[in-house]
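I have a structure I would like to understand better, so I am pasting it below and will then ask my questions one at a time.
Because the structure is a prediction, the values reported are computed rather than measured. Just the heavy atoms: all of them, side chains too, but no hydrogens, waters or symmetry mates, feed the values below.
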Amino acid sequence: DERIAVGEAMAGCVAYRVRGDSMLSEQIRSGDFIIVRADPAPRTGEIVVAWVNGEGCVVNKLSRGKLTSAAGWSHKLTPEDRLYGRLVAV
C-alpha cells in the first residue's frame, strides 16, 4: 500500500499510477501519479479518469461526449461508462 503526502488543497482527491503512454502530449507518462478530484460534470477539454466498457480505467481528454487521446484513440461515452473525476495534478 503506497501513500503520497499532499496538502489540504488535495483533500478528498484520489491518486492513480499511470500505465501506458497515450497521454505523452499532456506530459503524463507511464509511472506518474495523477491526482483526481471527483466531478460529476467535467467540462469539455478537461482530462478525466473513466471506467470504459467495464474493461478498465483510462485517462483521456473529454470532448463533446467522448474521450479522446492525441494518439488517435477515441470512445463515445455510453451509459455503462463511468467518469470518476478530473485531473487536478500530476
To the nearest 0.5 Å, what is the distance between NZ on Lys66 and CZ on Arg64?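 Result: 8.5 Å between the selected atoms.
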
Any side-chain heavy-atom pair from Asp81 and Lys76 closer than 4.5 angstrom?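 Asp81 vs Lys76: side chains apart.
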
Looking only at heavy atoms, which two atoms of Gly20 and Ser30 are closest? And how far apart?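 Smallest heavy-atom distance, with atoms named: N-OG, 3.2 Å.
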
Using distance only, find each side-chain donor-acceptor pair of residues 82-90 under 3.5 Å and give its atom names and separation, not counting sequence neighbours.
from: Arg86; atom 1: NE; to: Asp39; atom 2: OD2; distance (Å): 3.0

As an exercise, state the distance from CZ of Arg43 to OG of Ser63, rounded to the nearest 0.5 Å.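 It is 14.5 Å, given to the nearest 0.5 Å.
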
Closest non-hydrogen atom pair, Asn60 against Thr68: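 Here Asn60 and Thr68 meet closest at CB-O, 3.3 Å.
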
Applying side-chain contact (heavy atoms from CB on, under 4.5 Å), name anything that partners Val36, two or more places apart in sequence or on another chain.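 side-chain contact (heavy atoms from CB on, under 4.5 Å) check on Val36 returns Tyr16, Ile34, Val49.
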
Rounded distance (nearest 0.5 Å) linking atom NZ of Lys61 with atom CG of Leu67: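 Reported value, rounded in 0.5 Å steps: 12.5 Å.
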
Ile28/Ile47 under side-chain contact (heavy atoms from CB on, under 4.5 Å): CA gap, chis, key distance, verdict: CA-CA 11 Å; Ile28 301 172; Ile47 296 172; 4.2 Å; yes

